[in-house]
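The structure under discussion appears below in the form of structure tokens.
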Amino acid sequence: MKGLPVLDGQTPFQQEYVPVLLDAVKQLRAGFGGALHSIYLFGSVARREAVWGQSDLNLTLILHRPLTDSEQSLLNTIKWRIPTYHTDVPSVEIKIGYLSEVLSLDAIFKWGFWIKHCCLCLYGEDLSTRFGCFEPSWDVAKAFNGDIKDELTVYRQKIMKTKVVSNYLEYCQYIAKKMLRSCFSLVMHREKCWAHTSEQCAEAFLNYYPDKSLEIERLFTLINGTQVPKRAALFLLEQFGSWIVTEFEKIDRKIG
């Protein structure tokens, strides 16, 4: 089986994003000093497919140690500050990893794959050079989405309890994206490819489960930020979410 391609590290980034990236790296370096090992870019900006004024900025920080409470507060401030000063960037997502875990054998299918195939290094030692190219395997699928059962439980509770509309929409969007990514994970080892976008995830999944088109359509309703009644969102999590978990477990028993 052929290894998956890596992101293009040579082509310049879209010009309008360069000042944003420089500012983000500057703030993160200044804020976290010795705790910071490296900074990576992922998502549409990394793929040079971002839409100015619409696309979020997605970063991964690899740290030497967990952040203190004050450092976590500073990180939240930076996540708020960047879109405040760069108003054409709607929001900033920051994924955190720790160097010891990233380099551990147990996390190779999660962090090794993530760094090698989904990210580009902006600052620090480029850990992607430590890994060879990965294949689109069930091991990778499990590493990324084996926690879907727990995530559904957590976000079901969050959605039930929240009374703040913005939080409700955020929770719905997150878990819908997670469910869609898990749907793709069910077929990745058969498709023998990696999907970078929600649309690619949906297309690959529906190649094998065409009867689930209505459920996928409903996930996109949540992903796009449309407010639906809580009972409708919770029903989707309960019914379709349970199906995803069951299917995941069925394939895992078969493949191992």
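By convention here, the first residue in the shown sequence is residue 1.
- Between Val165 and Gln227, some side-chain heavy-atom pair lies under the 4.5 Å cut-off.
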Legend entry - From CA spacing to verdict: salt bridge (Lys or Arg N to Asp or Glu O under 4.0 Å), Arg65, Glu71: CA-CA 11 Å; Arg65 57 166 175 78; Glu71 287 171 335; 2.9 Å; yes
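- Here the side chain of Lys178 pairs no donor or acceptor atom with the backbone of Glu151 at under 3.5 angstrom.
- With hydrogens and angles ignored, the 3.5 Å screen pairs a side-chain donor or acceptor of His117 with a backbone N or O of Phe134.
- Side-chain N/O atoms of Ser166 and Tyr168 include no donor and acceptor closer than 3.5 Å.
- If you run ring-ring contact (aromatic ring centres under 6.0 Å, His included) between Tyr209 and each of Trp243, Phe240, Phe184, only Trp243 comes through.
- Using a 4.0 Å cut-off between a side-chain N of Lys or Arg and a carboxylate O of Asp or Glu, Glu135 and Lys192 do not qualify as a salt bridge.
- When side chains are defined from C-beta on, Trp52 does not count as touching Gln14, because their heavy atoms never get closer than 4.5 Å.
- Summarising the local packing, OH of Tyr208 is surrounded by more than 12 heavy atoms from other residues, nucleotides or ligands at distances under 6.0 Å.
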Inset, instruction - Could you check Trp114 against Phe131 for ring-ring contact (aromatic ring centres under 6.0 Å, His included), going step by step and ending with a plain yes or no? - result: CA-CA 10 Å; Trp114 180 252; Phe131 305 100; over 10 Å; no
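- In Lys79, the NZ atom is crowded: over 12 heavy atoms of neighbouring residues, nucleotides or ligands sit closer than 6.0 Å.
- Side chains of Ile216 and Leu206 form a contact here, defined as non-hydrogen atoms less than 4.5 Å apart.
- Taking a cutoff of 4.0 Å between a charged side-chain nitrogen and a carboxylate oxygen, Lys212 and Glu217 do not qualify as a salt bridge.
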Legend entry - Trace of the side-chain hydrogen bond (donor to acceptor under 3.5 Å, both in side chains) decision for Gln27 with Asp23: CA-CA 6 Å; Gln27 291 193 52; Asp23 187 28; 3.2 Å; yes
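- Ring orientation note: the planes of Trp194 and Phe144 are tilted relative to one another, at an angle of 30° to 60°.
- In the displayed structure, Lys26 atom NZ is contacted under 6.0 Å by at most 12 heavy atoms of other residues, nucleotides or ligands.
- In summary, the side chains of Asp8 and Thr11 do present a donor paired with an acceptor at a separation below 3.5 Å, with no hydrogens or angles considered.
- In the hydrophobic cluster analysis, where Ile, Leu, Val, Met, Phe, Trp and Tyr join through side-chain heavy atoms closer than 4.5 angstrom, Phe42 is grouped apart from Leu61.
- Judged by the 6.0 Å distance and 45° axis criteria, Lys158 is positioned over the aromatic ring of Tyr155.
- A 6.0 Å sphere centred on CZ of Arg48 holds more than 12 heavy atoms belonging to other residues, nucleotides or ligands.
- Side-chain atoms of Ser128 and Asp126 include a donor-acceptor pair closer than 3.5 Å.
- Residue Asp69 qualifies as open at atom CG: its count of foreign heavy atoms under 6.0 Å is 12 or below.
- No more than 12 heavy atoms of other residues, nucleotides or ligands lie within 6.0 Å of CD in Glu203, so this atom counts as exposed by the packing criterion.
- Side chain of Tyr40 to main chain of Leu127: a donor-acceptor pair is present (N/O by atom type, distance under 3.5 Å, no hydrogens or angles).
- Taking 4.0 Å as the cut-off between side-chain N and carboxylate O, Arg218 and Glu215 do not count as a salt-bridged pair.
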